[in-house]
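For the single chain, residues carry numbers from 1 onward in sequence order. Both counts, for ligands and for their atoms, begin at 1 and track the order of listing.
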Amino acid sequence: MRGKIKTTLNVVLITCYSYGSTHLGSLHRKMLLIDASSPMVQVNGNYLKLKAGYLFPEIARRVRAFSESHPETDLIRLGIGDVTEPLPLACRDAMKDAIDEMGTSDGFHGYGPEQGYSWLREAISKSDFYSRGCEISPEEIFVSDGSKCDSSNILDILGEDNRIAVTDPVYPVYVDSNVMTGRTGLSAESGRYDGLSYLPITAANGFEAQLPEEDVDLIYLCFPNNPTGAVATRKQLAKWVDYAQEHDALILFDAAYEAFIQNDLIPHSIYEINGARECAIEFRSFSKNAGFTGTRCAFTVIPKSLKGKAKNGEEIDLWSLWNRRQSTKFNGVSYIVQRGAAAVYSSEGKKQVNELVNFYMANAKIIRSHLSDLGLKVYGGENAPYVWIEVPEGVDSWGFFDQLLSKANVVGTPGSGFGASGEGYFRLSAFNSRLNVEQAMQRISATL
Ligand code: MLT
């Protein structure tokens with residue numbers, strides 16, 4: 001009997017993984033039918049609170065369904081922000097050399113330091129931070145396999161009672177990882193979760209979030225912003241740093257798109273703001289600037305001056321907790337990939353990364369100008385690889401998604417997938433070939 005029940009659960013779980021978490025509702029229902037006194041393993045009930053599939057798998061599911069019923073259709077994908085252009089030559093050469101080194105007794109590397117190799121951390125500290133006047137030492141940089149993972153994993157070292165603020169719309173990972181770890185209540189009809197403070201960013205406030213009305217302890221900020229493409233000025237960031245200092249709050253600053261900033265006055269790092277070393281963690285990535293979405297390399301900055309407190313009020317150093325967490329749960333990024341990432345900072349690497357960024361930003365310009373010519377209101381795309389569009393009257397975000405998919409055969413991302421305040425907007429990514437971007441614009445012009 002026990003074996004049978006376990007099998008049933010396994011089947012249910014497989015269903016859930018295969019078809020996305022829109023099926024969590026049915027998982028829940030099936031579980032209720034099972035005798036509660038059975039010795040079956042308990043699942044993390046927080047996952048059952050997740051309201052729908054993670055946005056991008058959900059889009060992929062709809063696109064797959066469309067493609068299956070229209071096999072002849074050639075879709076252009078401007079949905080997920082995944083890069084398309086080849087890895088920079090400098091990175092490839094460095095990785096090839098590293099592979100050859102690994103083929104020798106002297107050059108072979110086994111486990112590396114969990115925090116990342118010192119030569120990569122030194123290059124990051126010098127080129128990304130000291131060059132901009134930010135005093136971030138190599139020891140404060142933790143190399144990882146992605147900002148998505150780090151921005152979720154950081155919750156491991158933070159208490160469960162922290163009050164949390166996110167912008168709305170927002171990169172869904174911040175919200176979902178709080179749900180998964182039990183830091184929220186249930187979701188309401190609007191899709192918003194109880195227990196989170198949502199800070200709307202819409203055209204009405206110039207995509208600038210207002211400070212929270214209630215006290216919060218953790219604030220997620222992403223600049224250049226995913227999904228709106230908005231950037232924050234020095235003054236706007238200083239407002240958040242002041243708030244965090246006054247309220248003993250911590251800012252989780254996602255700067256994965258900083259390389260796309262074109263305006264010299266816009267800060268690339270939160271540490272360009274005085275006081276941020278005392279109140280902010282920053283996430284950075286090689287995914288978008290150097291095309292490492294598939295290669296995987298990123299880093300997180302935890303200044304040694306950052307403090308939190310234990311339940312008994314004792315002051316605790318966040319760097320030590322993260323170092324402990326990484327040493328226990330992470331074995332570092334491969335030597336080969338870190339060599340590739342370090343090449344981003346060579347003179348050739350810098351030039352090639354710059355060319356990649358310019359290439360995608362030229363795509364963004366094409367998208368912006370075509371859609372503006374069609375009479376659509378467009379935002380972003382000037383310092384970020386995302387163009388944020390107001391959908392035409394009479395249609396909502398998913399309606400516009402379906403319209404572009406079925407009529408123009410172009411895949412974008414519905415704004416409502418990023419939060420309730422994203423309703424009425426739509427995101428197009430500039431990460432694609434020039435030909436595809438131009439064709440997508442022609443197809444959209446022909447259908448709108
Ligand atoms: C996006 O499309 O928003 C990105 O792919 C998110 C990510 O980098 O995970």
Can you give each donor-acceptor pair under 3.5 Å made by side-chain atoms of residues 441-448, sequence neighbours left out, with the distance rounded to 0.1 Å?
{"residue": "Arg443", "atom": "NH1", "partner": "Asp74", "partner atom": "O", "Å": "2.9"}
{"residue": "Arg443", "atom": "NH1", "partner": "Ala408", "partner atom": "O", "Å": "3.4"}
{"residue": "Arg443", "atom": "NH1", "partner": "Asn409", "partner atom": "O", "Å": "3.1"}
{"residue": "Arg443", "atom": "NH2", "partner": "Asp74", "partner atom": "O", "Å": "3.1"}
{"residue": "Arg443", "atom": "NH2", "partner": "Asp74", "partner atom": "OD2", "Å": "3.4"}
{"residue": "Ser445", "atom": "OG", "partner": "Met441", "partner atom": "O", "Å": "2.8"}
{"residue": "Thr447", "atom": "OG1", "partner": "Arg443", "partner atom": "O", "Å": "3.1"}
{"residue": "Thr447", "atom": "OG1", "partner": "Ile444", "partner atom": "O", "Å": "3.1"}

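At least one test fails for Arg324 against the ring of Trp319: distance under 6.0 Å to the centre or angle within 45° of the axis.
The distance from ligand 1 to the heavy atoms of Tyr386 drops below 4.0 Å at these ligand atoms: 1 (C), 2 (O), 3 (O), 4 (C). Numbered from 1 in the order shown, with element, the atoms of ligand 1 that lie under 4.0 Å from a heavy atom of Ile80 read 2 (O), 5 (O). Close approach to Phe56 involves these atoms of ligand 1, each under 4.0 Å from a residue heavy atom: 1 (C), 2 (O), 3 (O). For ligand 1, the atoms sitting less than 4.0 Å from at least one non-hydrogen atom of Tyr171 are 6 (C), 7 (C), 8 (O), 9 (O), numbered in the order shown with element in parentheses.
In terms of polar-atom proximity, Gly81 is counted as a contact of ligand 1, with an N or O under 3.5 Å from an N or O of the ligand.
The shell of residues lying under 4.0 angstrom from ligand 1, judged by heavy atoms, includes Asn226.
Proximity of a side-chain donor or acceptor of Glu390 to a complementary backbone N or O of Gly424 within less than 3.5 Å is not detected.
Side-chain contact check for Cys297 versus Asp145: every heavy-atom pair is 4.5 Å or farther apart.
Contacts between Phe431 and ligand 1 below 4.0 angstrom, taking non-hydrogen atoms only, are absent altogether.
A salt bridge does not link Arg277 with Glu135: none of the charged nitrogens is closer than 4.0 Å to a carboxylate oxygen. Remark: Lys304 does not engage Glu139 in a salt bridge, criterion side-chain N to carboxylate O under 4.0 Å.
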